[in-house]
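In the text below, chain A, chain B and the rest are named by the order of the sequence lines, each starting its count at 1. Note: hydrogens, waters and symmetry copies are ignored here, and every other heavy atom, side chains too, is used.
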Amino acid sequence: MKSRTVAYIVLAVTIVFAIAPTYRGQIELPVRVHHLLHAMVLVLAAFTGLLFARSAAPAKGSRAFWLIVTIVAPMLAMFLMWPSNYSPLDRLPAAHTAEHLGLALLGFLTAYAGQQYATGVGVAMSLSLWAMAFLAAWGFGVSPPLQVQTAAAAPTAAAAANAGTAPDPHHGQAVFSQNCASCHGAQGQGGMGPRLIGESSRKDLMQAEAWIENPQPPMPKLYPGTLSAQDVRDVAAYVETLK
Amino acid sequence: MSGLLVLELFLAIASAAVIVMLAVALYGSNRPAPQSEVSAKGYAIRRYWFWTILIVAAIGFAISIPRFPYGSAQTIGKHYTIVAQQYSFAAPPTIPADRPVVFDVTSRDVNHGFAIYDPDGKLVAQVQAMPDYINHLPFTFHTRGHYTVRCLEYCGIAHAAMQGGFDVR
Amino acid sequence: MSAISIEADAFAPATAADLRVARRIMWTYISTGLAIFFLMMLLGIAMRAEQAGWVTFDPGWFYALLSLHGVGMITAMAIAGLGTLWYLVRRETPLDPRIAYLAYGFFVAGALCVIIAVFPGKFGSLWTMLYPLPFVGTYWPSWATGVWLVGNALVMTGFMVWCAQILGALIARFGGILGMLGIGYVFNIRGYEEAHREPPSPQMFAAAITAIDGIIGSTFGLAAGIGMLVHWIDPSVAIDPLWAKNLIYQFGHTFANLTMYMAVAGVYVGLPLCTKREYHTSKPLAIAWWGTLLFVIIAYFHHLYMDFAQAETVQFIGEIASYLAAIPVVVVTVFSGAMLVHRSGMRWSLGSMFLYAGMIGWVVGGTAAVLDATIPINLDLHNTLWVPGHFHTYLLQGVLLFTMGWVFVTLEQRSATITSLAMRWLIGGTIFGGAAMFLLSFYIAGANGVPRRYAVEPAPGPELATVATIGALILLAGIIIAAIEALRLARLPKAQEAAA
Ligand code: HEM
Ligand SMILES: [Cu+2]
């Protein structure tokens, strides 16, 4: 069989493989599996590109153009590997098909353009592209779910000590020394952040609460991640007492 | 191994290296020899040098393995949860002395470090505090007193001020 | 194969005009690299002075400067090394100069983005920008994160362009990857001798390993970088923090490490010029470079020793690879370099002095690194000032000295002039003395547990920072004098039998 014929057959397989999974119906694929399917598309497509490059006429003149293509194509492909659960393209079958064909095209270009630039470069860049696809499957859009919850549920000392609804400046002081003193100083005398002594003359309790809930950078927003609503009330009440 | 011991070891090796390198360059420099003569001698020495380095590396590796802080140790001892966040630690106020304990260290926001300094200010152990992961650090305290905890992974503007602590009793 | 035949004329020797173009490219790269180095050194001194309490500025700025210093320095050293290597490869095989300028353009564009992210963006996530740090609890605007990420991607793109060009040229020149890595030579030395075929020269190994590991490292870096850019565009896209950490350190370690293996080409070519001896490829040299090829890309696991969640096997691999990475250096490269100098009657010009001192710095910095790469020791030294101690030794007293040594050897050969003895003592004394003060204070502070990357350090940090700042100022003076001397040499008329 002529190598051109083989190349066309592999091309056909690539296209079918790229399109078929986008019409899978109601089956939900985990992000990682989806990444691996993308990787397979890229492997096939780059392989096709290598086959076509073998039988293509060698490029003439400045080959800088091919060099840019072979380097930029894997980066664009990495963008298209946008994890499936988040990708707007994955909601519409047609867009999803287009995304897979785009991946196939970029895989093909990586290999073909690289070989047109210089023998061996297409192979190296294809390997780089495949590595990116497999790296994506390892952690792009995937994070270990179990431990996230453990971390979120682990009580902080501040939260554990927290009870009641009336503002409690005493507890506020504890919250302050744990969360605010690093910037505002242990007694509110100031440091990286402004001096808070006499704060009551600038902001009243409500305003201080509002600020702490929604501060301007560089002051970090600690509510609701770190501080509960009660913590905010308490620490605001404490800040108001600083004289 | 304590940092200061490592420093001494390092200074010893480094000064030996500097002296040897200077000696090689300067010794006999006023009596030039043909390259072939120097190479013949050099290649003979290099064989021994290669094996020396390899054996030293192998011994160093063998000594270090039993001192790795990972693995089964995470199941022995009482567990304490440490939650780091910008820019503080939630840590238990007291830890018992002379008993194996395990710190289960995690983070609420970004990467932090959890480094324990003993009452003399010496760094005795550390582990990373990562969001989404829990790192188990086994340790046994023998000295009582107040230990300081510092963040050893850059975490933002107040990184240098991020401190905590506990008493070992 | 058809594709090889188009490179058939590849073996046409470079003409004088080609070499002139190549030399211009080399000097463009080197002068850009050294200029960036100089600016970044000023930032370094400012930071150390801040830690010493001589000046105070907002910690936000401290971290912004630290971000710029870290990325800027490594990029500067890489640019200088890549320029040198490009010229050395061009002496042996044709290369399109336009592609060298293309890569250069990417570097400059990337550097501009990084600078904009810091001035005025005040981006302060450091070069490691460990996910989720550049997005959570930040004190800089979100656009700065985006610009920084794009800037880093541009630098990696430029690096990829360089690597792909050199890879393609070396494959064509040496008939495939086996020839290029000297594998054919090592397994068939007799055949090479009978056919009067030369194996690739030592500096071609430096180029080949830089190109291959550069592509591998940039792959990791771009995967992480583009992943984070996607997160920047759509914050709901989750990223595994441990994944990001692995990828970033793989790239960072490879890139920083490679600057040394680029600069070492200057030793391969420069030292023989100084000693009037020859440096040939041998079997140990080729095998040593294969080791380097592998260890450079896997030793990075030592950056994750304190991530106990990482599989234990890779922690073992990290320690073994870090140990083994030292062997090619001390058994082959530095050993051969010392052998070249031994009883050669070489004159200690600035060039040969820097090249030789660079090898010493490499060994000393490497020793500190291997100690820190031992896991039980790392438990006490990880992220203390020991770490900047080790890599500043390696970079400042290794890579930088190789680059400066190469520059001076070239200038000295060109003008057939050697700097006066008094001047050599002055430059050597200030640079080595200043550097010793600067570096030792890092080591001592680190051994005492003073953390790295602290805008305000606990005791004994500030006292040692004072010593370090004085040392760095002495070093600065030495560098300025050396720069003036280099400019003086460069303006001397060209001697008759110019070699390099
Ligand atoms: C006189 C010259 C130099 C001075 C005064 C200097 C100073 C500093 C200081 C003070 C730090 C921060 C240390 C800490 O607290 O963590 C630092 C970090 C660093 N420096 Fe330098 N440095 C110099 C030269 C270099 C060179 C030549 C390179 C590389 C080629 C380099 C690369 C780095 C890197 C990569 C970091 C780490 C950044 C980070 O932690 O994110 N420096 N330097
Ligand atoms: Cu921190």
Problem - Side chain, backbone, both or neither of C/L381 within contact of chain B (heavy atoms, under 4.5 Å) - result: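 Answer is both: backbone and side chain atoms of C/L381 are under 4.5 Å from chain B.
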
Exercise for the section: Check whether C/L340 gets within reach of chain B through its side chain, its backbone, both or neither, counting any heavy atom under 4.5 Å. Expected result: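 The side chain, not the backbone.
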
Measure [X] against the heavy atoms of chain C and call it side chain, backbone, both or neither at under 4.5 Å.
X	value
B/I13	side chain
B/M130	side chain
B/V105	neither
B/F114	neither
B/I63	neither

Picking from [options], which has the most non-hydrogen pairs under 4.5 angstrom with chain B?
options	answer
C/I327, C/I444, C/L126, C/D372	C/L126
C/R453, C/Q315, C/K276, C/E457	C/Q315
C/T384, C/T128, C/V330	C/V330
C/A447, C/A357, C/G449, C/A338	C/A447
C/W140, C/F135, C/W348, C/Y443	C/Y443
C/Y305, C/Y131, C/F316	C/F316

Are [X] and [Y] packed together at the side-chain level, in the sense that at least one heavy-atom pair is separated by less than 4.5 angstrom?
X	Y	value
B/P69	C/I375	yes
B/Y133	C/D240	yes
B/F10	C/V364	yes
C/I360	B/L22	yes
B/Q126	C/N378	no
C/P451	B/H159	no

Handout entry: Check: C/E312 side chain, B/Y70 main-chain N or O, donor-acceptor pair, under 3.5 Å
Key =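 No: the side chain of C/E312 does not pair with the backbone of B/Y70.
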
Please report the shortest heavy-atom distance between [X] and [Y], naming the atom on each side.
X	Y	value
B/Q128	C/H382	NE2-NE2, 3.9 Å
B/R46	C/V332	NH1-CA, 3.9 Å
B/M21	C/V334	CE-CG1, 3.6 Å
C/A455	B/A160	N-CB, 3.9 Å
C/M339	B/G42	SD-CA, 3.5 Å
B/Q86	C/G137	OE1-CA, 3.3 Å

Measuring from [X]:[atom1] to [Y]:[atom2], what's the distance to the nearest 0.5 Å?
X	Y	atom1	atom2	answer
C/D307	B/E153	CG	CD	8.0 Å
C/L379	B/F139	CG	CZ	8.0 Å
B/L123	C/W386	CG	CH2	13.0 Å
C/L130	B/H112	CG	NE2	11.5 Å
B/F68	C/E319	CZ	CD	4.0 Å
C/F62	B/I157	CZ	CD1	12.0 Å

Handout entry: Residues of residues 23-36 of chain B within contact distance of chain C, non-hydrogen under 4.5 Å
Key =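 Residues in range: B/V24, B/A25, B/L26, B/Y27, B/G28, B/S29, B/R31, B/P32, B/A33, B/P34, B/Q35.
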
Exercise for the section: Determine which residues belonging to residues 140-147 of chain B lie within contact range of chain C, meaning some heavy atom pair is under 4.5 Å apart, and list them by number or answer 'none'. Expected result: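 When heavy atoms of chain C are the reference, residues 140-147 of chain B contributes no residue within the under-4.5 Å range.
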
Practice task
Could you have a look at B/C151, B/G113, B/A115 and say which one has the most heavy-atom pairs with chain C under 4.5 angstrom?
Solution key: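 Top option by heavy-atom pairs under 4.5 Å: B/C151.
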
Exercise for the section: Name the option with the most non-hydrogen atom pairs under 4.5 Å to chain C; the candidates are B/F61, B/W49, B/Y154, B/Y87. Expected result: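 Highest number of pairs under 4.5 Å: B/Y154.
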
Handout entry: Donor + acceptor pair across side chains of B/R67, C/T374 (<3.5 Å)
Key =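 B/R67 vs C/T374: no donor-acceptor pair found between side chains.
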
